Participant: 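One structure, pasted below without further comment.
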Amino acid sequence: MKLSTKSRYGLRALFDIAYNSGNLPAQIQDISRRQEISPRYLEQIFQSLKKAGILKSKRGPQGGYCLSRSPEEITVQDVIVATEGDVALVDCVSGRRKKKGVCAFNGCCATQTVWDEASARLNEYFATLTLKTLCERGQVLGIKREQDHRFMYYI
């Protein structure tokens, strides 16, 4: 299984919001700069995350994107499902297997159980990791937090 850039960049962007912005809205230009992801592509990814109820947006000069739930409530699995759909190693064990013609051996294949069990374990693992977990790992790695420049005042 190879995850697309949509899920990988989406998770990085959500980590960035949780790590650098807290409760304040994060602007797409700042996330784009810090994570080196195209702002246009981020907008596309954020549409999927908004539709899934992970992100919310606020318009205006002090607007941007913020998490719709706390970082400890958003799992890696939530992000992957929002951006990729089913998390399955092969099509025959995904939710799409009910479609006719996905696999001629559906239901009578000894290896199907292997892929099904592996997909289930992967889903369980992704469900244990939250944005809070990633933020804690970011601190351990020494990733610098960027203060929001919109609220910096100099005298």
Side-chain angles (χ1 to χ4, degrees), residues 1-28 30-58 64-103 105-146 148:
M1 175 181 180
K2 186 174 180 180
L3 297 173
S4 73
T5 56
K6 195 171 184 183
S7 57
R8 292 183 296 134
Y9 289 1
L11 187 59
R12 278 181 31 205
L14 291 174
F15 160 77
D16 187 279
I17 292 170
Y19 197 71
N20 291 304
S21 299
N23 295 330
L24 298 172
Q27 295 186 335
I28 201 114
D30 295 330
I31 301 166
S32 171
R33 177 180 43 80
R34 287 189 294 257
Q35 296 300 320
E36 298 181 7
I37 303 169
S38 156
R40 182 176 259 169
Y41 193 36
L42 273 177
E43 288 284 357
Q44 292 174 13
I45 295 168
F46 283 3
Q47 292 308 310
S48 298
L49 296 172
K50 280 176 58 177
K51 188 175 180 182
I54 296 171
L55 269 183
K56 57 185 177 181
S57 60
K58 180 182 174 190
Y65 290 91
C66 53
L67 303 175
S68 62
R69 297 175 284 175
S70 64
E72 53 270 356
E73 295 174 357
I74 300 172
T75 66
V76 171
Q77 184 182 20
D78 294 335
V79 178
I80 294 172
V81 168
T83 54
E84 302 279 347
D86 284 340
V87 179
L89 296 175
V90 293
D91 284 341
C92 68
V93 297
S94 74
R96 296 182 297 253
R97 75 173 154 192
K98 310 245 183 316
K99 278 186 177 178
K100 190 172 178 134
V102 169
C103 179
F105 295 98
N106 191 23
C108 62
C109 176
T111 62
Q112 191 174 35
T113 58
V114 173
W115 309 131
D116 198 26
E117 290 171 18
S119 296
R121 288 183 185 181
L122 188 59
N123 277 304
E124 288 170 14
Y125 174 67
F126 287 153
T128 65
L129 299 172
T130 65
L131 290 181
K132 181 181 179 190
T133 309
L134 297 180
C135 289
E136 290 166 353
R137 290 180 180 183
Q139 286 179 319
V140 169
L141 290 171
I143 297 172
K144 301 284 184 213
R145 284 195 163 117
E146 185 176 292
D148 194 328

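On a predicted model such as this, the values are computed, not experimentally measured, just so you know.
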Participant: Looking at residues at least two apart in the chain, or sitting in another chain, which of them share a side-chain contact (heavy atoms from CB on, under 4.5 Å) with Gln139?
Facilitator: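 For Gln139 the side-chain contact (heavy atoms from CB on, under 4.5 Å) partners, ignoring immediate neighbours, are Tyr19, Arg145.
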Participant: Measure the CD-CG distance between Glu146 and Asp30 for me, rounded to the nearest 0.5 Å.
Facilitator: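 One finds 6.0 Å between CD of Glu146 and CG of Asp30.
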Participant: Is any side-chain heavy atom of Leu14 less than 4.5 Å from a side-chain heavy atom of Leu55?
Facilitator: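 Yes, side chains in contact.
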Participant: Decide yes or no for Thr75 and Phe126: does some side-chain heavy atom of the first lie under 4.5 Å from some side-chain heavy atom of the second?
Facilitator: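 Result no, sub-4.5 Å side-chain heavy-atom pair not found.
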Participant: Between Thr130 and Ile74, is the side-chain contact (heavy atoms from CB on, under 4.5 Å) condition met? List the steps.
Facilitator: CA-CA 5 Å; Thr130 65; Ile74 300 172; over 6 Å; no
Participant: Can you list everything that forms a side-chain contact (heavy atoms from CB on, under 4.5 Å) with Lys58? Sequence neighbours excluded, please.
Facilitator: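 Per chain and number, Lys58 pairs via side-chain contact (heavy atoms from CB on, under 4.5 Å) with Pro25.
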Participant: Assess the residue pair Leu49 and Val79 against the criterion (side-chain contact (heavy atoms from CB on, under 4.5 Å)); give the C-alpha distance rounded to whole Å, side-chain angles, the decisive distance to 0.1 Å, and a yes or no.
Facilitator: CA-CA 7 Å; Leu49 296 172; Val79 178; 4.3 Å; yes
Participant: Look at the side chain of Asp16 and the backbone N and O of Ile31, then say whether any donor-acceptor pair between them is shorter than 3.5 Å.
Facilitator: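 The answer is no, because no donor-acceptor pair under 3.5 Å joins these two groups.
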Participant: With rounding to the nearest 0.5 Å, note down the distance linking CD in Glu136 to CD in Glu72.
Facilitator: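 One gets 9.0 Å once the value is rounded to the nearest 0.5 Å.
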Participant: Do Thr113 and Asp116 have a side chain donor and acceptor closer than 3.5 Å?
Facilitator: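 Their side chains do not contain a donor-acceptor pair, so the 3.5 Å distance test is not met.
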Participant: Can you name the salt bridge (charged side-chain N to carboxylate O under 4.0 Å, His left out) partners of Arg137, sequence neighbours left out?
Facilitator: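 Salt bridge (charged side-chain N to carboxylate O under 4.0 Å, His left out) check on Arg137 returns nothing, list empty.
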Participant: Passes side-chain contact (heavy atoms from CB on, under 4.5 Å), Leu11 versus Leu134? Steps please.
Facilitator: CA-CA 10 Å; Leu11 187 59; Leu134 297 180; 3.8 Å; yes
Participant: Can you check side-chain contact (heavy atoms from CB on, under 4.5 Å) on Val87 and Val81, steps first, answer last?
Facilitator: CA-CA 7 Å; Val87 179; Val81 168; 4.0 Å; yes
Participant: So, taking the atom named CD in Gln27 and the one named OG in Ser21, what distance separates them when rounded to the nearest 0.5 Å?
Facilitator: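 Gln27 atom CD to Ser21 atom OG measures 9.0 Å (nearest 0.5 Å).
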Participant: Listed by chain and number, what are the side-chain contact (heavy atoms from CB on, under 4.5 Å) partners of Cys66, not counting sequence neighbours?
Facilitator: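 Here the qualifying residues are Lys56.
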Participant: Name the residue from Tyr41, Tyr9, Tyr65 that meets the ring-ring contact (aromatic ring centres under 6.0 Å, His included) definition with Phe46.
Facilitator: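 Answer after filtering Tyr41, Tyr9, Tyr65: Tyr65.
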Participant: Do Val90 and Thr111 have side-chain heavy atoms sitting under 4.5 Å apart?
Facilitator: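 Result no, sub-4.5 Å side-chain heavy-atom pair not found.
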Participant: Restricting to side-chain contact (heavy atoms from CB on, under 4.5 Å), what partner residues turn up for Ala127, sequence neighbours left out?
Facilitator: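 So Ala127 forms a side-chain contact (heavy atoms from CB on, under 4.5 Å) with Gln77.
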Participant: To the closest 0.5 Å, what do you measure between CG (Asn20) and CZ (Phe15)?
Facilitator: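 The distance works out to 7.0 Å.
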Participant: Looking only at heavy atoms, which two atoms of Ile17 and Ala26 are closest? And how far apart?
Facilitator: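 Reported closest heavy-atom pair: CG1-CB, 4.0 Å.
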Participant: Quick one: closest heavy-atom pair of Ile45 and Gly10, and the distance?
Facilitator: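 Nearest pair, atom of Ile45 first, then Gly10: CG2-CA, 3.7 Å.
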Participant: Apply side-chain hydrogen bond (donor to acceptor under 3.5 Å, both in side chains) to Arg12 and list each qualifying residue two or more places apart in sequence or on a separate chain.
Facilitator: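 Once residues adjacent in sequence are excluded, the partners of Arg12 under the side-chain hydrogen bond (donor to acceptor under 3.5 Å, both in side chains) criterion are Gln35.
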Participant: So, for Ser7 and Glu84, which heavy atoms are closest and what is the spacing to 0.1 Å?
Facilitator: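 For Ser7 versus Glu84, the nearest heavy atoms are OG-OE2, 2.7 Å.
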Participant: Looking only at atom types and distance, does a side-chain atom of Ser48 sit under 3.5 Å from a main-chain N or O of Thr83, one as donor and one as acceptor?
Facilitator: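 No, the answer is negative, given that no donor and acceptor are paired below the 3.5 Å cut-off.
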Participant: Going from CD on Glu43 to CD on Gln47, what distance comes out if it is rounded to the nearest 0.5 angstrom?
Facilitator: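 It comes to 6.5 Å.
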